[in-house]
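For reference, the structure is listed below as structure tokens.
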Amino acid sequence: MTGPRYRFAPSPTGFFHVGGARTALWNWALARREGGTFVLRIEDTDEARNRPEWTQGIIDALAWIGIHADDPHFEGPYFQSHYAEQHVAAAQRLHAAGAAYYCDMTAADIEARNKADGTQGYQGWSRDRGLGPGEGRVLRFRVPEGSTVVHDQVRGEVTFDNATIEDFVLLRGNGSPMFLLANVVDDLSMGITHVVRAEEHLPNTPKQQMIWQALGHQPPTWAHVPVLVNEQRKKLSKRRDKVALEMYRDEGYLAAAMVNYLMTLGWTPKGGSEIADWANMEADFRLSDVNLSPAFFDLKKLAAFNGEYIRAMSPGAFLDAARPWLTATDAPYPVDRFDETVFLAMAPHIQPRCVTLADAPGLVDFLFQPEVAIDSEAWAKATGTADAVAVFRAASSAYEGLTEWNADALKAALEAAGEAHGLKLGKAQAPVRVAVTGRTVGPPLFESLECLGRDETLRRMRAAGALLA
RNA sequence: GCCCCCAUCGUCUAGUGGCCUAGGACACCACCCUUUCAAGGUGGCGGCACGGGUUCGAAUCCCGUUGGGGGUGCCA
């Protein structure tokens, strides 16, 4: 595969951050449309972040949002920890070339020196001491004079005065490489041409660009996209906010809705509608159209997208998507009583009432429960007047004699019973609904009764009628 | 503190000097539809942070102020 090489470089943390998902999606759209490659690199050099199952979690999460490892545009995963030797070798080259030097000052030394001098940060104190490598000595990059200009695809030119950048650490005192170095060396050896990542990396960029240049290469094309924030306008964090993509998946959000919503955070699909399919978004996405300010990750809007996608599904697709919830052991009915044919018949009435797939079982529970628990408050309210009771009795006997058991006939019979007592359908249906479903609210009643079936409906109505005696 | 980024309805955004009396979506409110609840339809509320320039003309360009965010590790 020729063409541009984008990369996505998450560090394994045990969950997949929604902000990372958006970055991955943007990289993916670009790599695919431009006939390039999406390189996945797991940045696992921090010892504490190194668990094999976390990597699998990343692969699974990517697959969920449509970034499949078997797609020809996908490459990886690579593991940063496997390339430590290359990182160290590059550091040694920088040292040999005079672009880096060793320093034996500890954090405490630096603090003391700052206090004495009234300065802040590391002031290049070991630059000319000619120290060689040794236990406890870090290798620092010798930041040159002048300024560094970063050409950014979304932000334009960003200039940094090198005097404001301290001589940063390349190799730790124990000889292990730091992120800044490892990241550059990997990007370089993996032939990365485009780095599209979150804005929090912008301050790192001049440093990385200097490393690229010191290593004798042209830096890649940079693009720093805005971060996602919470209602307090702070960067979404795992401590405060619900950031795990897996959590949304488990709560019944559809991948397509999530992908669509994430794509619109900082960018708008062409054509006037925010609801867009992947093919169109992939074709239209441009970094130059990305908004520059942080975007609020709005659960309410996500929910609206999800509802939109659920309503657009065929009943069959809806059943397939909701099956894990419909047949879960904690469903509000015995799982073995769940009937797909019955559910399919009700699906068109359930879909407009679902925000997430997890809402489905609660809307059809009465169809699969052997016995419904009648909410006493609801029942009291629905049968609170003499007319209501009379209508319920009239409807019960009408239903007993019904020859055709379908929604139209059920509706007509109840309507007739209601009219005899001056009750409109809205009032007249209430006792029947409570008697059969246990609640005052739910999917359309007559369709529900049709699906429930004659025998069970009549049985429940008789049982409820007995409560009136 | 220092460095960097950003600034259109509550939120996500359209807008790239005249098409802007600033458009859409979500949220909210009202009404309609109606078999409860949804969905759907119609309408409403609501914004160019502020101050200076540049220009015949500025939401759009420049400067400043204010506000917000990010970074500032021998984390990534």
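Each chain gets a letter, A, B and so on, in the order its sequence line appears, and its residues count up from 1. Owing to the predicted nature of the structure, the values given are computational and were not obtained by experimental measurement.
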Within the structure, does a side-chain N or O atom of [X] lie under 4.0 Å from either OP1 or OP2 of [N]?
{"X": "A:K300", "N": "B:A25", "answer": "no"}
{"X": "A:R172", "N": "B:C75", "answer": "yes"}
{"X": "A:T164", "N": "B:C2", "answer": "no"}
{"X": "A:T45", "N": "B:A76", "answer": "yes"}
{"X": "A:N291", "N": "B:A14", "answer": "yes"}
{"X": "A:K234", "N": "B:G69", "answer": "yes"}
{"X": "A:R233", "N": "B:C12", "answer": "yes"}

When all nucleic acid strands are considered with a 4.0 Å heavy-atom cut-off, which category describes [X]: base, sugar-phosphate, or nothing?
{"X": "A:Q80", "value": "sugar-phosphate"}
{"X": "A:A295", "value": "sugar-phosphate"}
{"X": "A:K235", "value": "sugar-phosphate"}
{"X": "A:P444", "value": "base"}
{"X": "A:H224", "value": "nothing"}

Completion exercise
Which of A:H151, A:Q153, A:Q209 passes side-chain hydrogen bond (donor to acceptor under 3.5 Å, both in side chains) with A:W222? Answer is A:Q209
Problem - Closest nucleotide among B:G1, B:U11, B:G40 to the A:R311 side chain - result: B:G40
Handout entry: A:F297 ring center within less than 6.0 Å of A:Y248 ring center
Key = yes
Could a donor-acceptor pair under 3.5 angstrom be found where the side chain of [X] meets the base of [N]?
{"X": "A:K301", "N": "B:A27", "answer": "no"}
{"X": "A:R353", "N": "B:C37", "answer": "yes"}
{"X": "A:N183", "N": "B:A76", "answer": "no"}

Any-strand Watson-Crick or G-U partner of [N], both distances under 3.5 Å:
{"N": "B:G1", "answer": "B:U72"}
{"N": "B:G43", "answer": "B:C29"}
{"N": "B:A14", "answer": "none"}

Exercise for the section: Using the P atom on both, measure B:G23 against B:A59 and round to a whole Å. Expected result: 14 Å
Exercise for the section: Considering only atom P, compute the distance from B:C61 to B:C19 and round it to an integer number of Å. Expected result: 16 Å
Exercise for the section: List the steps, then state whether ring pair (Phe, Tyr, Trp, His ring centres under 6.0 Å) holds for A:Y122 with A:F168. Expected result: CA-CA 8 Å; A:Y122 182 75; A:F168 52 92; over 10 Å; no
